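Since the structure comes first, as structure tokens, the remarks are kept for the end.
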Amino acid sequence: MTATRESLSRAIIEAGRFLYGRGWSPATSSNYSARLSGSEVLLTVSGRHKGELGPDDLLAVDLQGQSLEPGKKPSAETLLHTQLYAWKPDIGAVLHTHSVNATVLSRISLGDSLVFADYELQKAFSGISTHESQVLVPIFDNDQDIARLAGRIQPWLEAHPDCVGYLIRGHGLYTWGAQMSDALRQIEAFEFLFECELAVRALHRH
Ligand SMILES: CSCCC(=O)C(=O)COP(=O)(O)O
Ligand SMILES: [Zn+2]
């Protein structure tokens, strides 16, 4: 069945309620999107409360991140969404969240990536079928210049076609999927792994 703007709007609004309810999109943070076509994306308007989204809080942008709806301001992080849709035509939804665990873990990890290995829950990521795998999650330093940040992320994506998500240090998580349900599953999987990692590190300090 082809997704309509109405069904994709509903999926984004429901995702916002869920992610805000879990505490992963506080204080108007986060942005969400879904692919409308080969050249257009439905995205959250900048600055909106993500637990109280309605259809007016969404707008269409092109793959260059330009608003197609005058009067509506797209997310400040639009380019981080559109670069993913341009990177892979099978991406249908992108989620960006600001959880405590993603923020803390990305701040205390001094390297430029995290590796998750031997967790059964890694199988929640698209393309992974065994715990005997490694999920490599890059951490990019935060930047208020989103075009510059996208420019630093692009070569990493091109070199890692199996990438399932990335962290921005002190900021949050980006992940994606063929459909909104896939992106939501990956958000939950990342959050589970972040919590495990922080718990393991806390135990090792004693
Ligand atoms: C209050 S959070 C600061 C901006 C941010 O990181 C974010 O995710 C939300 O920005 P948007 O423009 O998409 O509302
Ligand atoms: Zn953000």
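All ligand and atom numbering here is 1-based and tracks the order in the structure. Just so you know, these numbers come straight off a predicted model, no measurement behind them.
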Protein contact of atom 3 (C) of ligand 1 - nearest heavy atom, named by residue and atom, plus distance
His98 CE1, 4.6 Å

Could you tell me if any non-hydrogen atom of Lys73 lies under 4.0 Å from any atom of ligand 1?
no

Provide, to 0.1 Å, the distance between atom 5 (C) of ligand 1 and the closest protein heavy atom, together with that atom's residue and name.
Glu77 OE2, 3.1 Å

Can you list the atoms of ligand 1 that are under 4.0 Å from a heavy atom of Thr28?
1 (C), 9 (C), 14 (O)

Between Glu69 and Arg5, is the closest basic N to carboxylate O distance under 4.0 Å?
yes

Evaluate the side-chain proximity of Glu14 to Arg10: yes if any heavy-atom separation is below 4.5 Å, no if none is.
yes

Does the side chain of Tyr85 come under 3.5 Å of the side chain of Ser33 through a donor N or O and an acceptor N or O?
yes

Considering only protein heavy atoms, which is closest to atom 10 (O) of ligand 1, and at what distance to one decimal place?
Asn31 ND2, 3.7 Å

I want to check something: taking the side chain as every heavy atom from C-beta on, are Leu167 and Phe194 in contact at a cut-off of under 4.5 Å?
yes

Go through Phe190 and Phe125 one step at a time and tell me if the ring-ring contact (aromatic ring centres under 6.0 Å, His included) criterion holds.
CA-CA 9 Å; Phe190 272 123; Phe125 294 111; 4.6 Å; yes

At a cut-off of 2.8 Å, list the protein N/O/S atoms near the Zn ion (ligand 2), residue plus atom name.
Glu77 OE2, His96 NE2, His98 NE2, His171 NE2

Could you check atom 13 (O) of ligand 1 against the protein and tell me its nearest heavy-atom contact, residue, atom and distance included?
Ser75 OG, 2.6 Å

Relative to ligand 1, is Gln144 under 4.0 angstrom through side chain, backbone, both or neither, heavy atoms considered?
neither

Within the structure provided, determine whether Ile153 and Leu80 are in side-chain contact (heavy-atom separation under 4.5 Å).
yes

Is there a heavy atom of Thr44 sitting under 4.0 angstrom from any atom of ligand 1?
no

Just go through Ser46, Ser33, Pro74 and tell me whose heavy atom is the nearest to atom 11 (P) of ligand 1.
Ser46

Which atoms of ligand 1 sit under 4.0 Å from any heavy atom of Lys50?
14 (O)

Salt bridge or not between Arg185 and Glu188? Use side-chain N to carboxylate O under 4.0 Å.
no

Between Ala27 and ligand 1, does any nitrogen or oxygen pair lie at a separation below 3.5 Å?
no

Per-atom contacts, ligand 1 versus Ala76 - under 4.0 Å to a heavy atom
11 (P), 12 (O), 13 (O)

Does some side-chain heavy atom of Val41 sit less than 4.5 Å from a side-chain heavy atom of Leu36?
no

d(Leu173 CG, Ser30 OG) to nearest 0.5 Å is 9.5 Å

Assess, by modelled atom type and distance only, whether the side chains of His171 and Asn142 contain a donor and an acceptor separated by less than 3.5 Å.
yes

Test item: Leu43 and Thr78 side chains (from C-beta on) under 4.5 Å apart, heavy atoms
yes

Asp143 bridged to Arg152 by N-O distance under 4.0 Å
yes

Indicate whether atom 1 (C) of ligand 1 is within a distance of less than 4.0 angstrom of some protein heavy atom.
yes

For Asn31 and Tyr174, test the side chains for any donor-to-acceptor distance below 3.5 angstrom and give the result as yes or no.
yes

Ligand-residue contact atoms, ligand 1 with His96, heavy atoms, under 4.0 Å
8 (O)

May I have all residue pairs that pass ring-ring contact (aromatic ring centres under 6.0 Å, His included) and include part of residues 15-34, sequence neighbours excluded?
Tyr20-His49

Nearest protein heavy atom to atom 14 (O) of ligand 1, by residue and atom, and its distance?
Gly47 N, 2.7 Å

Is Leu84 reachable from Leu79 through a run of hydrophobic residues whose side-chain heavy atoms are each under 4.5 Å from the next?
yes

Below 3.5 Å, N or O to N or O, backbone or side chain included: is there any such pair between Arg48 and ligand 1?
no

Would His49 count as a contact residue for ligand 1, given that I'm defining contact as a non-hydrogen atom of the residue lying under 4.0 Å from a ligand atom?
no

Are any of the N/O atoms in Ser30 less than 3.5 Å from those in ligand 1?
yes

